[in-house]
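Keep in mind the model is a prediction, meaning the values are calculated, not measured.
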Amino acid sequence: MALHQQNLAQSGAPSRGWQMPDTLVIIFFVAFAAALLTYFVPIGSFQTQEIHYVVDGVEKTREVVNPESFHYALNEAGQPLKQPVALFEGGGGVGFLNFAFEGLTSGSKWGSAIGVIMFMLVIGGSFGVVMATGTIDNGILRLIDKTRGNEKLFIPALFTLFSLGGAVFGMGEEAIAFAIIICPLMIRMGYDGMTTVMVTYVATQVGFASSWMNPFGVAIAQGIAGVPVLSGTEVRLPMWMGFTLLGILFTMRYASKIQKTPTASYSYHSDAHFREQQASSSLDSRFNLGDWLVLAAIAGTIVWVVWGVVAHAWFIPEIASQFFTMGIIVGIIGVIFRLNGMTMNTIARSFKQGAATMIEPAVLVGCASGILLLLGGGKATEPSVLNTILNAAGQGIGQLPDVVSAWFMYLFQSVFNFFVTSGTGQAALTMPLMAPLADIVGVSRQVAVLAFQLGDGFTNILVPTSASLMATLGVCRVDWGDWVKFIWRFMLMLVTGSSVMVIATHYLGFV
């Protein structure tokens with residue numbers, strides 16, 4: 001009997017116990033709750049105003065909401081208007097059963113959802129060509145052979161670099177491409193997909209949230225709040241170091257456990273894909289001039305992209321195009337040097353297969369974006385349930401004692417990030433409300449900005465509406481449900497640390 005049960009477990013027979021619902025199931029029911037909310041909450045809107053602020057001696061402008069301009073849309077009787085979502089809407093409208101399609105096609109090439117989805121498909125295809133050459137697998141084997149005994153240094157080194165990228169230039173989507181390369185390396189060293197996500201995407205968000213100079217988060221929030229831009233470095237720089245160290249220690253402790261007991265991994269079943277690919281490899285694998293040229297093409301592309309992001313503010317369209325070019329160059333090198341017998345048809349086939357691996361996370365990204373549309377979209381000037389929630393939250397926080405208000409500002413920003421995951425967008429929507437509110441309740445605007453950046457940044461590592469998170473999980477073949485089981489402990493540490501920072505800086509008079 002015991003042997004029979006063991007065979008069932010090994011064969012992957014379904015368990016009769018409770019299982020985490022599939023990510024798509026969770027998104028569906030969140031969408032249902034959002035649609036239900038429209039039957040009870042009236043719609044409202046704000047007017048916008050143009051504000052000016054200075055970054056590095058350059059004056060910039062941005063359209064933000066006027067916090068005193070909120071008003072409900074009214075019906076013919078002069079009562080606040082509700083706009084319940086229908087089961088289905090024709091003519092391009094958003095009904096409950098439209099949310100998946102409308103979410104998948106929402107946005108533009110500059111952002112979620114369609115821009116991010118196309119970005120995922122292009123880089124997935126490009127790296128499909130890279131992986132087909134065999135260079136990455138063979139290079140990993142050589143690297144491990146040369147660094148035996150020092151594998152653990154990879155984790156703090158990578159985590160620090162990616163955290164620095166998030167802090168300095170708002171790195172986020174760029175982590176997806178790196179995760180494609182780093183995941184096989186981590187699994188070859190005895191770690192897992194969870195470790196890969198931690199040292200790439202999570203590290204960028206730790207840096208993003210605790211940054212002293214992030215141009216897409218703290219700098220914009222300070223400009224909107226009327227706080228000197230890039231001020232408060234004496235507090236934020238040590239904070240970045242502390243949270244980065246916390247992330248490194250958490251990741252190293254988990255990785256050490258997985259090295260000793262691989263089956264304890266939360267992604268052990270999904271990592272099987274990478275283990276099967278690596279099973280036939282050996283330390284005697286090929287590595288010639290063609291492989292060196294492939295690595296040079298990858299390294300050159302990464303340096304070029306980083307330069308473009310920092311010097312010319314490249315975003316999704318430009319970055320995707322650079323990686324597409326890299327795929328073409330690598331494919332040509334593969335054909336010339338006959339890497340894994342590569343031909344022109346192999347390039348095309350590998351690109352399509354690589355793009356196909358992105359379909360699942362792309363569907364999740366699009367459906368999650370549909371939730372925002374059910375609440376009326378994220379535009380402040382168009383009447384929506386989301387605007388009403390934003391206004392009500394601001395008024396509610398204003399009735400609390402000062403230290404409680406400071407903490408609730410952080411809590412509100414964390415929850416609101418589920419609906420608006422863009423740091424820039426969230427700053428433009430919330431900071432015009434939170435900054436004057438902070439004056440009223442006796443909280444400094446610098447603390448209000450701190451509450452924003454911590455609430456906005458850290459929840460990006462958890463919410464399924466974050467396109468970059470879902471894409472990184474997708475390339476590492478980690479299910480979001482398994483991710484939640486793993487990350488909740490670290491998330492609890494971040495929430496605790498953030499709460500302490502907000503309350504402590506309030507009491508210490510951070511201005």
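Aromatic ring centroids of Phe178 and Phe162 lie under 6.0 Å apart. In summary, the aromatic rings of Trp307 and His312 are positioned with their centroids under 6.0 Å apart. Two rings, from Tyr191 and Phe154, have their centers 6.0 Å or more apart. Note: Phe416 and Phe412 meet the aromatic proximity criterion, with ring centroids under 6.0 Å apart.
Residues Arg489 and Phe250 meet the side-chain proximity criterion, which asks for heavy atoms closer than 4.5 Å. In this structure, Trp483 and Met194 have side chains that are in contact, with non-hydrogen atoms separated by less than 4.5 Å. Ile319 has its side chain out of reach of Glu173: every pair of non-hydrogen atoms, C-beta onward, lies at least 4.5 Å apart. Between Thr346 and Val129 there is no side-chain heavy-atom pair separated by less than 4.5 Å. Annotation: side chain of Ile176 is in contact with side chain of Val475 (closest heavy-atom distance under 4.5 Å). In this structure the side chain of Lys109 never reaches within 4.5 angstrom of the side chain of Ile316, judged on heavy atoms. When side chains are defined from C-beta on, Trp480 does not count as touching Leu24, because their heavy atoms never get closer than 4.5 Å. Proximity of Met470 to Pro464: side-chain heavy atoms (C-beta onward) are separated by under 4.5 Å at one or more points.
Nearest heavy-atom pair across Ile329 and Ala297 is CG2-CB, 4.2 Å. Nearest approach of Ala113 to Gly366, heavy atoms of both residues: CB-CA, 4.2 Å. Of all non-hydrogen atoms in Trp212 and Ala167, the two that sit nearest each other are CZ3-CB, 3.8 Å. Annotation for Phe208 and Gly423: closest pair CZ-CA, 4.5 Å, computed over non-hydrogen atoms. Nearest approach of Ser267 to Val478, heavy atoms of both residues: CB-CG2, 4.2 Å. Closest non-hydrogen pair, Pro238 versus Thr233, comes out as CD-O, 3.8 Å.
The ring pair (Phe, Tyr, Trp, His ring centres under 6.0 Å) with Phe243 is formed by just one residue from the set Phe490, Phe458, Phe159; it is Phe458. Of the options Arg236, Gln222, Gln426, a side chain to side chain donor-acceptor pair (under 3.5 Å) to Gln453 is made by Arg236 and by none of the others. For the side-chain contact (heavy atoms from CB on, under 4.5 Å) with Thr135, the qualifying choice from Ile333, Val294, Ile298 is Val294, the only one to do so.
Judged purely by distance below 3.5 Å, without hydrogens or angles, the side chains of Tyr254 and Asp192 pair a donor atom with an acceptor atom. Between the side chains of Ser466 and Thr421, not a single donor N or O lies within less than 3.5 Å of an accepting N or O. Side chains of Asn460 and Asn417: a donor-acceptor N/O pair is present below 3.5 angstrom, by distance only. Using modelled atom types and a 3.5 Å distance limit, the side chains of Trp240 and Ser211 yield no donor-acceptor pair.
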- Query: Is there a side-chain contact (heavy atoms from CB on, under 4.5 Å) between Ile136 and Ile181 once you walk through the steps?
  - Reply: CA-CA 7 Å; Ile136 298 299; Ile181 300 173; 4.2 Å; yes
- Task: Verify side-chain contact (heavy atoms from CB on, under 4.5 Å) between Thr465 and Phe419, making sure each step is shown before the conclusion.
- Result: CA-CA 7 Å; Thr465 48; Phe419 303 103; over 6 Å; no
- Message: Run Thr200 and Thr204 through side-chain contact (heavy atoms from CB on, under 4.5 Å) and show every step you take.
- Response: CA-CA 6 Å; Thr200 53; Thr204 66; over 6 Å; no
- Message: Run the side chain to side chain donor-acceptor pair (under 3.5 Å) test on Ser414 and Thr459 for me, step by step, so that the C-alpha distance in whole Å, both residues' side-chain angles and the decisive distance to 0.1 Å come before the verdict.
- Response: CA-CA 6 Å; Ser414 299; Thr459 45; 5.1 Å; no
- Message: Between Gln413 and Leu454, is the side-chain contact (heavy atoms from CB on, under 4.5 Å) condition met? List the steps.
- Response: CA-CA 8 Å; Gln413 296 286 10; Leu454 293 173; over 6 Å; no
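Put simply, CG on Leu494 and CD1 on Ile487 are 7.5 Å apart, with the number rounded to the nearest 0.5 Å. With rounding to the nearest 0.5 Å, the separation of CG in Leu450 from NE2 in His506 is 12.5 Å. Distance check, rounded to the nearest 0.5 Å: CZ of Phe99 to CD1 of Ile27 gives 7.5 Å. How far CE of Met409 is from CZ of Phe452: 13.5 Å, rounded to the nearest 0.5 Å. Atom CE of residue Met198 and atom CD1 of residue Ile461 lie 6.5 Å apart, to the nearest 0.5 angstrom. Taking CE of Met326 as the reference point, atom CD1 of Ile123 lies at 9.0 Å (rounded to 0.5 Å).
Partners of Asp456 by side chain to side chain donor-acceptor pair (under 3.5 Å), not counting sequence neighbours: none found.
Formation of a donor-acceptor pair under 3.5 Å by the Thr133 side chain with backbone atoms of Leu339 is not found in this model. Looking at Arg338, its side chain does come within 3.5 Å of a backbone N or O of Met342 through a donor-acceptor pair. A distance-only check finds no donor-acceptor pair linking the side chain of Ser265 to the backbone of Ile258 [under 3.5 Å]. Looking at Thr325, its side chain does come within 3.5 Å of a backbone N or O of Ser321 through a donor-acceptor pair. A donor-acceptor pair under 3.5 Å is absent between the side-chain atoms of Asn214 and the main chain of Val168, judged by distance alone. Under the 3.5 Å distance criterion, the side-chain polar atoms of Thr195 are left unmatched by any main-chain donor or acceptor of Ala255. In terms of modelled atom types and a separation under 3.5 Å, the side chain of Ser106 and the main chain of Gly103 share a donor-acceptor contact. Using modelled atom types, one side-chain atom of Thr505 and one backbone atom of Val502 make a donor-acceptor pair closer than 3.5 Å. Glu276 places no side-chain N or O within donor-acceptor distance of the main-chain N or O of Phe274, the cut-off being under 3.5 Å. Proximity of a side-chain donor or acceptor of Ser270 to a complementary backbone N or O of Arg477 within less than 3.5 Å is detected.
In this pair, Phe351 and Phe324 present their aromatic rings perpendicular. The plane angle is above 60°, beyond the 30 to 60° band.
Few gaps surround CD on Gln259; more than 12 heavy atoms of other groups in view lie less than 6.0 Å from it. Annotation for Trp292: atom CH2 does not count as buried by contact number, only 12 or fewer foreign heavy atoms lying within 6.0 Å.
Within the structure, every pair that satisfies the side chain to side chain donor-acceptor pair (under 3.5 Å) test and touches residues 295-304, not counting sequence neighbours, is listed here: Trp304-Gln322.
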